[in-house]
Asker: 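Pasting a structure here, questions to come.
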Amino acid sequence: MSGRFAPRPTRTSVRGGDARIPPARTAPALTPSLTRRYAPPTPLDVGLTLGPLRRGPGDPTFQTTDGSVWRTCRTPEGPGTLRTTAFAAEGEVRAEAWGPGAEWLLDRLPALLGAEDDPDVFTPRHRLLAAAHRRCPGLRLARTGLVLESLIPTILEQKVTTDEAYRAWRLLVRRYGEPAPGPNPRLHVMPEPRTWATIPSWEWHRAGVDNKRASTILRVVRVARRMEEAAAMAPEQAQERLELIPGIGPWSSAETVQRSHGAPDAVSVGDYHLPSIVGYALAGDRDADDAAMLELLEPYAGQRHRAARLILLSGRTPPRRAPRMTPGNIGAL
């Protein structure tokens with residue numbers, strides 16, 4: 001029976017980008033302002049590629065439905081909504097976009113879907129990675145070309161559980177963002193920098209965001225233009241610029257450039273769970289630290305982020321030794 005059924009998503013595989021796209025029932029009649037077709041040169045799994053851009057199942061900026069991936073962005077041209085649908089039989093992806101940022105989103109569709117990523121460079125050296133690589137032939141590393149949309153939710157994820165961070169992102173975007181352009185009423189666009197800077201302290205508190213993380217976000221949005229300039233830099237240089245902001249370290253900068261740049265070698269050093277997951281998957285060492293993780297990933301230099309994602313998608317995690325951490329709620333204090 002082994003191998004006959006696809007494994008169900010777990011917390012670990014979802015973090016690796018396992019965004020299952022429900023099949024289309026009756027596609028809604030849409031009147032998009034702009035459309036574009038893209039024929040990827042190699043097999044492409046849109047759900048796996050765009051999955052890391054989702055911040056939890058209730059993310060108001062990301063939705064999978066009717067065989068499509070919907071996402072909203074605040075582009076340099078303004079807010080925009082992008083609907084991406086893969087047609088495997090025809091070997092193409094069709095995209096529809098709405099709003100002032102529609103043209104900007106469609107122009108960067110190939111990069112978003114991993115056209116600048118070369119998975120053939122990756123050579124598995126462990127049986128687990130070879131199996132995961134074989135099961136995910138359509139995995140590509142997405143490049144959004146936008147920094148703040150990845151950096152702000154990453155800051156919210158610092159030092160808290162993912163459920164707490166996803167809740168904060170969901171509440172703040174729905175309250176201070178704006179309804180997304182287009183026909184999907186469930187989507188919102190993240191707030192613009194000026195709006196982030198005017199959120200009252202008690203609203204951060206109600207969303208469960210402590211003063212340290214809120215202050216880091218305020219420092220970021222004050223230099224929003226300089227942050228977005230990092231999208232045109234090499235990933236290493238972009239990380240250096242992001243880390244000039246107090247409160248942003250190697251983990252936050254790596255998690256950002258993985259999405260904004262599609263950086264194949266950006267490792268999330270300082271992660272609470274990743275070292276033990278990598279250590280257990282590759283060496284049976286559930287107590288591995290950052291140094292041990294980097295040593296195990298050394299054979300994949302240049303592709304360490306891809307290796308880590310494949311490990312997460314494999315779902316192989318160390319057995320639990322204690323109950324799951326209880327989320328805090330500083331908003332109730």
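Only heavy atoms go into these numbers, but all of them, side chains included; no hydrogens, no water, no symmetry mates.
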Asker: Any chance the side chains of Glu178 and Thr195 put a donor and an acceptor closer than 3.5 Å?
Answerer: no

Asker: How long is the straight-line distance from CG of Leu34 back to CD of Glu96, given to the nearest 0.5 Å?
Answerer: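 Nearest 0.5 Å value for the CD-CG distance: 11.0 Å.
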
Asker: Measure the shortest side-chain to side-chain distance between Leu313 and Leu48 over non-hydrogen atoms and say whether it is less than 4.5 angstrom.
Answerer: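 Side-chain contact under 4.5 Å: yes.
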
Asker: Taking side chain as C-beta onward, heavy atoms only, is Arg259 less than 4.5 Å from Leu53?
Answerer: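 Side chain of Arg259 against side chain of Leu53, heavy atoms only: contact under 4.5 Å found.
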
Asker: Could you go through the salt bridge (charged side-chain N to carboxylate O under 4.0 Å, His left out) check for Glu90 and Arg37 one step at a time?
Answerer: CA-CA 11 Å; Glu90 303 174 23; Arg37 295 189 177 192; 5.3 Å; no

Asker: Which atom names give the shortest non-hydrogen contact between Val46 and Thr84, and what distance separates them?
Answerer: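 Taking Val46 first and Thr84 second, the nearest heavy atoms are CG1-CG2, 4.1 Å.
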
Asker: Over all heavy atoms of both residues, which pair between Pro179 and His188 is shortest? Give the atoms and the distance, please.
Answerer: N-CD2, 4.0 Å

Asker: Output the distance between atom OG1 (Thr162) and atom OH (Tyr272), rounded to the nearest 0.5 Å.
Answerer: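 Here the interatomic distance stands at 12.5 Å.
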
Asker: Quick one: sort the Trp196 and Trp204 rings into parallel, tilted or perpendicular, breaks at 30° and 60°.
Answerer: parallel

Asker: Salt-bridge test for Arg167 and Glu164: reply yes if a basic N is under 4.0 Å from a carboxylate O, no otherwise.
Answerer: no

Asker: Between the side chains of Thr216 and Arg213, is a donor N or O closer than 3.5 angstrom to an acceptor N or O?
Answerer: no

Asker: Are Leu106 and Leu82 side-chain neighbours, meaning at least one heavy-atom pair lies under 4.5 Å?
Answerer: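 Leu106 reaches Leu82 side chain to side chain.
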
Asker: Is the closest basic N to carboxylate O distance between Arg36 and Glu103 below 4.0 Å?
Answerer: yes

Asker: Please evaluate residues Asp66 and Thr85 with respect to the criterion side-chain contact (heavy atoms from CB on, under 4.5 Å), reporting the C-alpha separation (whole Å), side-chain torsions for both, the decisive distance (0.1 Å), and the verdict.
Answerer: CA-CA 9 Å; Asp66 288 322; Thr85 310; over 6 Å; no

Asker: Which pair of non-hydrogen atoms, one from Ala266 and one from His305, has the smallest distance, and what is that distance?
Answerer: O-CB, 3.3 Å

Asker: Checking Ile217 against Leu156 for the side-chain contact (heavy atoms from CB on, under 4.5 Å) test, could you report, in this order, the C-alpha distance in whole Å, the side-chain angles of both residues, the deciding distance, and whether it holds?
Answerer: CA-CA 8 Å; Ile217 292 176; Leu156 292 175; 3.7 Å; yes

Asker: Indicate, with yes or no, if Leu296 and Leu294 share a hydrophobic cluster defined by side-chain heavy-atom contacts under 4.5 Å among Ile, Leu, Val, Met, Phe, Trp and Tyr.
Answerer: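 Result: yes, single cluster for both.
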
Asker: Could you check whether any side-chain heavy atom of Arg135 comes within less than 4.5 Å of a side-chain heavy atom of Ser314, counting everything from C-beta outward?
Answerer: yes

Asker: Identify whether the distance between the nearest side-chain nitrogen and carboxylate oxygen of Arg225 and Glu228 falls below 4.0 Å.
Answerer: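 The answer is no: the pair does not qualify as a salt bridge.
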
Asker: Check whether Asp45 reaches the backbone of Leu139 with its side chain - one donor and one acceptor, N or O, closer than 3.5 Å.
Answerer: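 The answer is no, because no donor-acceptor pair under 3.5 Å joins these two groups.
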
Asker: Quick one: CH2 on Trp70 to CZ on Arg186, what's the gap to the nearest 0.5 Å?
Answerer: 11.5 Å

Asker: What's the shortest heavy-atom distance between Pro181 and Gly80, and which atoms?
Answerer: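 Nearest heavy atoms, Pro181 then Gly80: CG-CA, 4.0 Å.
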
Asker: Evaluate side-chain contact (heavy atoms from CB on, under 4.5 Å) for Thr61 paired with Trp169, printing each intermediate quantity in order.
Answerer: CA-CA 10 Å; Thr61 69; Trp169 173 250; 4.0 Å; yes

Asker: Verify the neighbour count for atom CD of Glu229: are there more than 12 heavy atoms of other residues, nucleotides or ligands below 6.0 Å?
Answerer: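 Above 12, so yes.
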
Asker: Cation-pi check, Arg94 to Phe87: give yes when NZ or CZ is under 6.0 Å from the six-membered ring centre and within 45° of the ring axis, no otherwise.
Answerer: yes

Asker: Closest approach of Met293 and Ser268, non-hydrogen atoms and distance?
Answerer: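 Nearest heavy atoms, Met293 then Ser268: CE-O, 4.3 Å.
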
Asker: Starting at CG of Leu282, measure out to CG of Leu297 and round the result to the nearest 0.5 Å.
Answerer: 6.5 Å

Asker: Treat each ILVMFWY residue as a node, draw an edge where side-chain heavy atoms are under 4.5 Å apart, and state whether Val69 and Trp104 are in one component.
Answerer: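 Per the 4.5 Å side-chain linkage, Val69 and Trp104 are co-clustered.
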
Asker: What's the spacing between Glu295 CD and Asp290 CG if we round to 0.5 Å?
Answerer: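 Answer for the CD-CG pair, Glu295 versus Asp290, is 13.0 Å.
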
Asker: Is there a path of hydrophobic side-chain contacts, each under 4.5 Å between heavy atoms of I/L/V/M/F/W/Y residues, joining Ile152 to Leu171?
Answerer: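 Each belongs to a different hydrophobic cluster.
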
Asker: Any heavy-atom pair between the side chains of Val220 and Ile248 that's under 4.5 Å?
Answerer: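 Of all side-chain heavy-atom pairs linking Val220 with Ile248, at least one is under 4.5 Å.
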
Asker: Check this for me, if you would: do Asp117 and Arg306 make a salt bridge, where the nitrogen-to-carboxylate-oxygen distance has to be below 4.0 angstrom?
Answerer: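 Looking at Asp117 and Arg306, the cut-off is met.
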
Asker: Below 4.5 Å, heavy atoms only, C-beta onward: do Val147 and Leu242 meet side chain to side chain?
Answerer: yes

Asker: Out of curiosity, Thr123 OG1 to His133 NE2, how far, rounded to the nearest 0.5 Å?
Answerer: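 The distance works out to 8.0 Å.
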
Asker: Are the side chain of Arg241 and the backbone N or O of Arg226 linked by a donor-acceptor pair below 3.5 Å?
Answerer: yes

Asker: Tell me which one of Thr154, Leu274, Val269 satisfies side-chain contact (heavy atoms from CB on, under 4.5 Å) with Trp251.
Answerer: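 Per the side-chain contact (heavy atoms from CB on, under 4.5 Å) rule, the option paired with Trp251 is Thr154, out of Thr154, Leu274, Val269.
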
Asker: Is any side-chain heavy atom of Glu255 closer than 4.5 Å to a side-chain heavy atom of Gln158?
Answerer: no

Asker: Are Leu151 and Val160 linked, directly or through other ILVMFWY residues, by side chains that come within less than 4.5 angstrom of each other?
Answerer: no

Asker: Report yes or no: do Leu129 and Tyr280 belong to one cluster of Ile/Leu/Val/Met/Phe/Trp/Tyr joined by side chain heavy-atom distances under 4.5 Å?
Answerer: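 No, no single cluster joins them.
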
Asker: Given Cys73 and Thr144, is the side-chain contact (heavy atoms from CB on, under 4.5 Å) satisfied, shown in steps?
Answerer: CA-CA 9 Å; Cys73 299; Thr144 66; over 6 Å; no

Asker: Which heavy atom of Glu116 sits nearest a heavy atom of Ala111, and at what distance?
Answerer: OE2-CB, 3.6 Å

Asker: How about Tyr166 and Asp59: do any of their side-chain heavy atoms sit closer than 4.5 Å?
Answerer: no

Asker: Do NZ/NE/NH1/NH2 and the carboxylate oxygens of Arg55 and Glu157 come within less than 4.0 Å?
Answerer: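 Here Arg55 pairs with Glu157 in a salt bridge, since their nearest N and O are under 4.0 Å apart.
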
Asker: Donor-acceptor pair, Arg316 side chain versus Ile277 backbone, under 3.5 Å?
Answerer: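 No, because the side chain of Arg316 does not come within donor-acceptor range (under 3.5 Å) of the backbone of Ile277.
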
Asker: So does Ala230 get a backbone contact from the side chain of His261, meaning a donor-acceptor N/O pair under 3.5 Å?
Answerer: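 Yes; judged by distance alone, with no hydrogens or angles, the pair exists.
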
